Structures are given as structure tokens and as C-alpha cells.
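The block underneath contains the structure these notes are about, expressed in C-alpha cells.
Any value given below was found using the heavy atoms of this structure, including those in side chains, with hydrogens, waters and symmetry copies removed. Keep in mind that this is a model prediction, so the values were computed, not measured.
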Amino acid sequence: MVDAHRTFVIVGGGLAGAKAAETLRSAGFSGRVILIGDERDHPYERPPLSKGYLAGKEERDSVFVHETAWYAGADIELHLGQPVTVLNRDARSVELGDGTVIHYDKLLLATGAEPRRLDIPGTDLAGVHHLRRLAHSDRLRNVLAALGRDNGHLVIAGAGWIGLEVAAAARGYGAEVTVVEPEATPLHRVIGPELGQIFTDLHSDHGVRFHFGGRLTEIVGQDGMVLAVRTDDGEEHPAHDVLAAIGAAPRSALAEAAGLDIAPPAQGGGIAVDTSLRTSDPHIYAAGDVASVDRPGLGTRLRVEHWANALNGGPAAARAMLGQEVSYDRVPYFFSDQYDLGLEYSGWAPPGSYDQVVIRGDAGKRQFIAFWLRDGKVLAGMNVNVWDVTDTVQALIKAGQPVDPDALADPSVPLESLI
């Protein structure tokens with residue numbers, strides 16, 4: 001079938017979906033491209049929602065992937081503010097919330113993830129927040145500014161990346177901040193306890209209070225407003241607003257209802273795809289936060305909830321939809337900015353997967369590179385306030401060869417020489 005007679009549908013109005021649409025056109029696809037998003041905003045990038053835009057350092061328009069006029073210029077048909085309610089694989093169609101039925105030749109599911117909810121009393125109070133969408137960031141930005149003006153107090157449930165970035169933004173406005181985290185250090189599931197203390201010290205130096213080893217059990221309110229939070233160890237903390245930053249779950253219900261293969265919870269859930277990002281249905285692909293990609297080199301499936309995965313996964317899926325050979329095996333990558341600390345992390349090394357952590361540089365001065373190793377092989381690396389080394393760190397990971405830990409730790413030994 002010639003391109004002009006084919007229809008490619010993209011469900012998901014985020015970065016992955018927008019970059020997939022862009023790639024289809026740049027690769028010369030001349031058929032219909034329909035992008036469906038359940039938000040009314042045009043596709044946007046998510047990092048500014050907890051970083052620059054939330055902190056008041058960037059304008060709202062800076063978050064959008066393309067200017068509004070780009071979509072008409074590229075002949076991308078938009079259906080915004082419309083959720084897809086039914087995926088009919090037999091008919092190769094999707095049905096929107098308003099009853100519109102759209103048929104496809106190829107379909108890309110880029111439905112992303114949604115914030116996990118606190119299952120405790122008090123979550124219906126007006127001052128309880130989540131951060132995933134632009135509308136959430138719009139609201140939270142105003143809340144943080146008001147807390148700063150009024151000497152108000154924000155309690156954050158969860159010391160992951162979102163929790164810490166929001167803590168930094170809140171302190172920038174002058175708000176009081178308490179972070180409640182069940183583990184002994186921040187970021188335990190990502191960087192382990194060895195590096196977590198660095199982030200405890202960083203935020204403590206900026207006035208953030210931590211409550212480790214506890215979970216929220218109740219949000220106390222009066223007249224619909226938040227007054228305090230209680231934890232499972234009997235503590236009570238004053239609060240005017242609460243942010244639930246306890247992770248995100250893949251938005252895979254549509255795929256599951258249609259009978260597509262879903263990855264097991266132990267692998268992070270999400271829509272199971274092969275190395276070309278194709279689902280168990282040969283006409284349907286998935287990319288971004290919702291996709292659980294088969295990674296033979298790692299011996300597992302991997303679902304990654306970071307900006308670079310959407311940036312690169314959307315185009316890779318588009319190329320696969322066009323029939324090109326695709327093997328999506330990029331090294332996972334993300335970045336974070338907190339106060340005067342900037343970092344980049346490459347690789348995948350959850351607690352239990354590594355047997356050694358090597359530090360190159362001065363961790364005390366927060367200017368170093370950390371490496372996570374197993375049997376001498378580099379699984380992951382994180383450069384903190386050290387720049388222009390990501391390509392080399394990723395090359396070390398890809399090489400998969402044992403490295404001398406002493407040489408890895410020695411700043412006088414060029415990293416490139418260890419590859």
C-alpha cells in the first residue's frame with residue numbers, strides 16, 4: 001500500500017508522540033498522521049515541570065515540543081482533550097471519548113505514566129498535590145510561591161527525583177519543606193545508600209528537613225484545608241500543602257483491555273515490546289514511559305520513565321512503523337538540577353545488581369563521577385557537576401569489559417583510556 005493511502009495513529013500527546021510524528025514526516029511518510037492526546041495542551045516536555053518552569057526560571061511556552069503552527073505545517077491532525085476509550089484490534093480502530101472512531105494501519109501507544117496515589121485518609125483535601133502534567137505544575141508553581149510569601153510548609157511524600165527537585169524549587173521560593181521517606185536515604189532505589197547521603201546533606205544545607213524510615217498514614221485537615229501529616233511511627237508534621245511523589249505507574253489499561261501482552265510487575269509493568277518497540281500485535285507499537293522493552297543485553301525487560309527515553313524512543317518507533325530495521329538498546333539516561341548541583345546519570349544499576357561503587361573526584365565538594373560496578377564491569381555512572389563526560393561513561397557501559405577500579409577512581413587517568 002502506498003503511503004498516501006495509509007493512516008498512522010499516535011495515542012499520547014507527550015514528547016514521545018510528538019517526536020514520533022516529527023520523524024514520520026522527516027522520513028518522508030506522506031499518509032495521514034493523527035496524534036491524539038487527552039490533555040488540551042499541545043505536546044510538551046516534562047522535565048521543566050519539576051525544574052525550570054516550576055522554579056519560576058522558565059516561561060510556560062518553553063515547555064512545548066513544537067510551536068503550535070508546526071502541526072498544521074507538517075499536516076499532523078490533532079485530537080486534543082480527547083481520551084481514547086476503546087482500542088479495537090480486529091477493526092484496527094480507536095474510539096475517542098466523544099464517540100469518534102478512527103481507523104489505523106499502524107498504531108503507536110505513547111500513553112505515558114500517571115502518578116501513584118496515596119491511599120490514606122485526607123487525600124481529598126484541597127492542599128494535596130501530584131506532579132505529572134503541565135496543569136499540575138501550573139497549580140504547584142502558584143502554591144509554592146504562596147507558601148514562600150506566607151512562610152508556609154510543604155510536606156513531600158517520597159525522596160525520589162521528583163520529590164527532591166520540588167523540594168529545591170520550594171526552598172527557592174522560601175517555603176518550609178519536610179520530606180518523608182521510608183528508606184534511610186533519598187533515591188535509595190536508584191543510586192543506593194552509598195550516594196544517598198550526599199543528597200541528604202545537599203538538601204539539609206538548604207534548609208530541608210527529612211523524616212526517614214516513615215510513611216504517611218494520614219493527612220489532617222479542617223474545613224477542607226491541610227493542617228498536618230502523621231506518619232506510621234507516631235510523628236506529626238505541620239503542613240499547609242502535601243505533594244505525593246511516590247512514583248508513577250504505566251498507563252497501560254487501554255493496551256491491557258485490548259489483549260496486548262503486558263510486562264509483569266517485577267519488571268515494572270507496562271506494554272511489552274520487542275527490540276523494535278513492536279507489541280504482541282504486529283500493527284501496534286509502544287514507546288516512552290509505558291513501554292517495557294526487551295533488552296537481551298541486560299537479560300530482562302526495562303521500562304524507563306525519563307526524558308531521553310521519550311526523546312529517542314518515539315523516533316525509533318516511528319522508524320519501525322515505516323518498516324526500517326530498529327534495535328532500541330540505548331543506554332538509559334537522565335539528568336537532574338537541584339540548587340547548584342547538576343548531574344547526569346547513565347546506565348541501570350538498581351540496588352542488589354552491583355558489588356562496588358567507585359568515586360572519581362571529590363564527593364565532599366559535590367564534584368565527582370560515581371560508577372556502579374559488578375565483577376569489575378561498569379553498569380552505570382553518574383557525573384555530578386562534572387561535564388562533557390556522558391559519551392565516555394556510556395562507552396564504558398557499552399564495552400561491558402572489566403575495568404581497573406583504581407584507575408577508574410584516579411582523575412589523572414583519562415577515562416577514554418579505560419574503554
Can you tell if the side chain of [X] reaches within under 4.5 Å of the side chain of [Y], non-hydrogen atoms only?
| X | Y | answer |
| --- | --- | --- |
| Asn151 | Glu176 | yes |
| Leu202 | Gln338 | yes |
| Val180 | Phe212 | no |
| Val229 | Val220 | no |
| Thr390 | Glu344 | yes |
| Leu418 | Leu408 | yes |
| Ile10 | Ile34 | no |
| Pro250 | Ile271 | no |

Side-chain H-bond candidate by donor/acceptor type, Ser292 with Gln267, under 3.5 Å: no

Do Glu95 and Asn88 have side-chain N/O donor and acceptor atoms under 3.5 Å apart? no

Heavy-atom count around [X] [atom1] within 6.0 Å, excluding the residue itself: above 12?
| X | atom1 | value |
| --- | --- | --- |
| Asp388 | CG | no |
| Arg60 | CZ | yes |
| Arg330 | CZ | no |
| Asp98 | CG | yes |
| Asp391 | CG | no |

Spatial distance of atom CG (Asn385) from atom CG (Asp362) [nearest 0.5 Å]: 11.5 Å

Between His153, His237, His211, which is the residue that forms a side-chain hydrogen bond (donor to acceptor under 3.5 Å, both in side chains) with Thr178? His153

Criterion side-chain contact (heavy atoms from CB on, under 4.5 Å) against Ser137, the qualifying member of Val63, Leu131, Asn142: Leu131

Taking the ring centre of each residue, are Tyr333 and Trp348 less than 6.0 Å apart? no

May I ask you to check whether Tyr339 and His206 place their ring centres under 6.0 Å from each other? yes

Is [Y] paired with [X] through a side-chain N to carboxylate O contact shorter than 4.0 Å?
| X | Y | result |
| --- | --- | --- |
| Asp241 | Arg139 | no |
| Arg32 | Glu77 | yes |
| Arg133 | Asp38 | yes |

Apply the ring pair (Phe, Tyr, Trp, His ring centres under 6.0 Å) test between Tyr345 and each candidate in Phe335, Trp307, Trp372; give the one that qualifies. Trp372

Axial cation check for Tyr354 ring with Lys377, 6.0 Å and 45° limits: no

Using the rule given for ring-ring contact (aromatic ring centres under 6.0 Å, His included), can you reason through Trp70 versus Phe64, listing the C-alpha separation, both sets of side-chain angles and the distance that settles it, and then say yes or no? CA-CA 11 Å; Trp70 179 85; Phe64 295 104; over 10 Å; no

How are the rings of Tyr71 and His66 set relative to one another: parallel (under 30°), tilted (30 to 60°) or perpendicular (over 60°)? perpendicular

